[in-house]
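We name chains A, B, ... by the order of the sequence lines, and we start the count at 1 in each one.
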Amino acid sequence: MLDRAVIDALFPADLPEPEHWEQQYPARELPEGALVTRFGPSPTGFVHIGGIYVATIDQDLARRTGGRYLVRVEDTDQSREVEGALEQFERGFTYFHLAADEDTGRGGAYGPYQQSARERIYLTYVRHLLRQGKAYLDFATKEELAAITQRQQATKLPTGYYGSWAIWRDADPADVQAKLDAGAPYVVRFRAPDDTGARARFTDAIRGPLEAEANRNDVVILKSSDQSPRLPTYHFAHAVDDHLMRVNLVIRGDEWISSVPVHQQLFDALGFEPVTYAHIAPLMKQEGGSKRKLSKRKDPEASVDFYIEAGYPAEAVLYYLRGLANGRLAELPLEQALAEPIRLEECGVAGPLVDLVKLDDIAADHIATLSGADILAAVRTWAERFDPELRGVLDDEPELALRALAVERDGVENPRKDLKKWSDFRPVYGFFFPRLHAAVTGPDDERIAALGVDREVVQAVARDFAADYRQLDDGQEWFEQIREVAAKHGFARNAKEFKKNPDAYPGSIREASQIIRIALTGSTRSPDMHAITQALGRDEVLSRIEPLTK
RNA sequence: GCUCCCAUCGUUCAGCGGCCUAGGACUCCGCCCUUUCAAGGCGGCAACGCGGGUUCGAAUCCCGUUGGGAGUACCA
């Protein structure tokens, strides 16, 4: 073991003792059973939808029990940091209503909430462990480490830094001193307790009792001394931060299960009360015949920006996610499901595939419950960032927008489910606005041509329709106009008749009405035509028919 | 390789020893409604990976096997 003086010389002289931090961050005064949770995003990329999933659970549990929900930025790997990640986090959290009770922006008594700003705290505890001989200095180079791993693999031994492979574990203090004098960089490793064959046991809040081999690896706890700031590895930061922030429930992805044995040893060595763990099954993605974790790099839908850019309502996404976590919530109506508690013991243990088709369905259902005014407000907000032209049009003609949205929505028992996300507004309702409408160019327009009606007939229908056009209030009467024109030009009365004898007619009433629909909306799909003409007004209707008459 | 975790329709959630000839939702396919596309209504296809136990009785418990996932970093 190293002399205390040698150890202390490695740290700032004014570095506080553990008691200092213990007093600065006392136990929280919270009601019995209050859960303190934390979400720890790492700024090595965008927030993952799986992060939203976990953060939702963190927030729900804390709120529900009168506890606290923290967001702590886990930026101990400065080399992998991505520009703009923090801003992206904030966008994501804001969009999904997941703002923390305590974080860097909002502050809190247990900060800083960014690991890179907690260097001194970590150093205190590293020194503490060093002084007790529970940690040691390791000068092994990258090459030496690689060689060790290689030899272990060759002999089919477990890889790692342990036992006789741990070349600096029981090094002669004189050798250590010599390295130090030579200015060699070192890391600090945790001295794994020597309990070969022991089992590590713990109870996961989701999975129940779990066990594994006790850890015997001397994991790195403090990264290389040639870097500044000197930061800890995840394992050590987890122990120190969650203890000092008085977190009592750690919810994280199940890729951490295998690290629990190390974490237990670390908590124990540090003299910390153990925390409860809840390991969540990660969101998956179908690839070929198998599943794999949703990947930030390969899957666009892994990023929260995907949902924000497309304009999925946050409530719909949250509802979907909660349903994945607790099946019970998926059976409830959205509003109720959002208000009901998430229960850890009901969380699934196998990773669910994210199903965008299902999300679409949920979102369409949800938007169908909204009023035209609410939809307009949401679309305007979305368009401000993602479709400025649409935003401008909406601002200029809010009344028209409202009239458009009212079609088959206001006063209807089953509103039309044609909007899954805000970006659908333009393709579905854009035609209402003259500035966004892609008018037909004439009888040869390919959308019209696709109907298979002779161009002369199209022209004739359009001419006759326009010539006698009346802007009627009654939908039935209004449609009679199409019927009359269709009959006059020999269209079949219904699709069946036409199908029976296609050569006898230029088309059926179906084709006749589609001619008008395409002229009016530019598409074969649209809300009720009569309602559309009401919203558009007589002049606009006629001007949209007009190109077909030439 | 080693160590963990997991396993019900295509997807998702339910089922926690008999109520299961396995249920709901999404998808898909029919049919109805209808001037189109939708929406809506009705109906249908479709699963307990496999093999052993335990038990009067197993999707449910145990063991094995297969398959999938994760970890095995000075990444988190």
Side-chain angles (χ1 to χ4, degrees), chain A residues 40-45 74-77 79-80 138 140 142 145 149 152-161 185-189 200 204 207 210-213 215 217 219-227 231-235 237-238 252-261 279 281-282 284 286 289-293 320 323-331 346 348-355 357-362 364 368 408 412-418 428 451 479 482-483 486 493-495 508-514 516-518 521 523-530:
Chain A
S42 168
T44 54
E74 314 223 322
D75 56 350
T76 54
D77 187 3
S79 63
R80 294 206 313 159
D138 171 36
K142 274 218 151 60
L145 257 17
T149 306
Q152 289 168 332
Q153 279 168 346
T155 41
K156 295 191 193 263
L157 249 34
T159 51
Y161 200 84
Y186 62 90
V187 299
V188 178
R189 283 187 186 267
D204 186 279
R207 291 157 204 263
L210 251 31
E211 69 170 273
E213 281 176 2
N215 169 64
N217 243 310
V219 293
V220 173
I221 55 175
L222 222 218
K223 297 182 184 185
S224 185
S225 58
D226 58 6
Q227 290 169 14
L231 293 174
T233 56
Y234 172 87
H235 305 299
H238 154 52
R252 46 155 49 164
D254 68 6
E255 68 271 24
W256 290 110
I257 291 180
S258 51
S259 299
V260 172
H279 290 97
M284 311 291 277
Q286 181 83 246
S290 66
K291 294 176 171 186
R292 50 151 238 259
K293 256 171 88 174
Y320 174 59
L324 245 32
N326 281 185
R328 170 179 48 95
L329 302 180
E331 308 291 325
E346 284 180 23
V349 285
L353 238 41
V354 328
D355 184 351
V357 176
K358 177 82 176 182
L359 208 216
D360 275 348
D361 181 74
I362 286 174
E408 288 185 79
V412 182
E413 205 173 328
N414 290 305
R416 200 180 163 83
K417 294 182 182 171
D418 49 8
V428 177
L451 294 173
F479 193 77
I482 292 181
R483 255 191 226 288
R493 292 214 323 271
N494 57 55
S508 70
I509 184 75
R510 173 181 179 276
E511 280 71 30
S513 37
Q514 285 296 58
I516 305 300
R517 182 187 300 274
I518 293 170
T521 72
S523 165
T524 54
R525 286 178 57 169
S526 82
D528 179 69
M529 276 200 281
H530 172 251

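Scored by the salt bridge (charged side-chain N to carboxylate O under 4.0 Å, His left out) test, A/Arg328 finds A/Glu340, A/Glu346 as partners (sequence neighbours excluded). Residues passing the salt bridge (charged side-chain N to carboxylate O under 4.0 Å, His left out) test with A/Arg510: none are found, sequence neighbours excluded.
To the nearest whole angstrom, the two C1' atoms, one in B/A7 and one in B/U12, are 15 Å apart. For the C1' atom pair drawn from B/G51 and B/U66, the interatomic distance equals 10 Å after rounding to whole Å. Look at the P atom in both B/C16 and B/U27: the space between them is 28 Å, to the nearest Å. Nucleotides B/G10 and B/C6, compared at atom P, are 23 Å apart to the nearest Å. A gap of 10 Å separates the C1' atoms of B/A47 and B/A59, to the nearest Å. Between B/C61 and B/A14, the distance separating the two P atoms is 14 Å to the nearest Å. A distance of about 15 Å separates the P atoms of B/A58 and B/C50, rounded to the whole Å. Distance noted for atom P between B/G15 and B/G23: 15 Å (whole Å).
There is no side-chain donor-acceptor pair under 3.5 Å between A/Thr149 and A/Gln152.
Scanning all heavy atoms of the two residues, the minimum distance from A/Leu222 to A/Pro232 falls at CD2-N, 3.9 Å. Scanning all heavy atoms of the two residues, the minimum distance from A/Tyr320 to A/Leu353 falls at OH-O, 3.7 Å. Across every non-hydrogen atom of A/Ala512 and A/Ala486, the tightest pair is CB-CB, 3.7 Å. What you find for A/Pro415 and A/Ala368 is that their closest heavy atoms are CG-O, 3.3 Å. Residues A/Pro43 and A/Asp75 come closest through the heavy atom pair CG-CB, 3.6 Å. Of all heavy-atom pairs spanning A/Arg517 and A/Thr524, the tightest one is CD-O, 3.4 Å.
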Can you check nucleotides 62-66 of chain B for protein contacts, nitrogen or oxygen pairs under 3.5 Å, and list what you find?
none

What nitrogen or oxygen pairs link the protein and nucleotides 9-15 of chain B at under 3.5 Å?
from, atom 1, to, atom 2, distance (Å)
B/U12, OP1, A/Leu353, N, 3.2

Between the protein and nucleotides 40-45 of chain B, list the N/O to N/O atom pairs that are separated by less than 3.5 angstrom.
from, atom 1, to, atom 2, distance (Å)
B/G40, OP1, A/Lys417, NZ, 2.8

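A/Arg510 comes within 4.0 angstrom of the backbone, heavy atoms only, and of no base. Across all strands shown, A/Ile257 has heavy atoms under 4.0 Å from sugar-phosphate atoms exclusively, and none from any base. Here A/Glu408 lies in heavy-atom contact (under 4.0 Å) with a base.
Base-pair partner of B/C4: B/G69 (Watson-Crick or G-U wobble, both distances under 3.5 Å). Of the nucleotides present, none pairs with B/C19 by Watson-Crick or G-U wobble criteria with both distances under 3.5 Å. Remark: B/G40 base-pairs with B/C32. Criterion, Watson-Crick or G-U wobble with two distances under 3.5 Å. Nucleotide B/U55 has no partner under the Watson-Crick or G-U criteria, as no pair reaches both atom distances under 3.5 Å.
One distance of note links NE2 of A/His238 with NE2 of A/His235; it measures 9.5 Å at 0.5 Å rounding. A/Asn217 contributes atom CG, which lies 7.5 Å from atom OG1 of A/Thr159 (distance to the nearest 0.5 angstrom).
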Go through the steps for A/Arg207 and A/Asp254 under the test salt bridge (charged side-chain N to carboxylate O under 4.0 Å, His left out), then give the verdict. CA-CA 10 Å; A/Arg207 291 157 204 263; A/Asp254 68 6; 3.2 Å; yes
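Here the nucleotide nearest the side chain of A/Glu213, chosen from B/U35, B/G69, B/U3, is B/U3. Comparing B/G1, B/C6, B/C37 by their closest approach to the side chain of A/Val349 singles out B/C6. Between B/U27, B/A38, B/C5, one nucleotide has an atom nearer to the side chain of A/Asp361 than all others, and that is B/U27. Here B/C26 is the nucleotide among B/U35, B/C26, B/C37 with the atom lying nearest to any side-chain atom of A/Val357.
No donor-acceptor distance shorter than 3.5 angstrom exists from the side chain of A/Asn326 to the backbone of A/Leu329, with no hydrogens or angles considered.
Here the C1' atom of nucleotide B/U34 and the CZ atom of A/Arg416 are 13 Å apart, to the nearest Å. Distance, A/Lys156 NZ to B/C2 C1': 11 Å, rounded to whole Å. Atom pair A/Leu359:CG and B/C26:P shows a separation of 14 Å (rounding to whole Å applied). To the nearest angstrom, C1' of B/U35 lies 13 Å from CG of A/Leu451. Spacing between atom CD1 of A/Ile362 and atom P of B/G24 amounts to 18 Å, rounded to whole angstrom units. Atom CD1 of A/Ile509 and atom P of B/U35 are 9 Å apart (whole Å).
Side-chain atoms of A/Thr233 and A/Val219, non-hydrogen and from C-beta on, never get closer than 4.5 Å to each other. Residues A/Asp528 and A/Arg416 form no side-chain contact, since every pair of their non-hydrogen atoms from C-beta on lies 4.5 Å or further apart. The closest side-chain heavy-atom distance from A/Ile482 to A/Met529 is below 4.5 Å.
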Report, as a single string ordered 5' to 3', how protein heavy atoms within less than 4.0 Å touch nucleotides 70-76 of chain B: B base, S sugar-phosphate only, - not at all. SSSSBBB
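Contact check, A/Arg483 against B/U35: a side-chain N or O comes under 4.0 Å of OP1 or OP2.
Side-chain N/O atoms of A/Arg525 and base N/O atoms of B/U36 include no donor-acceptor pair closer than 3.5 Å.
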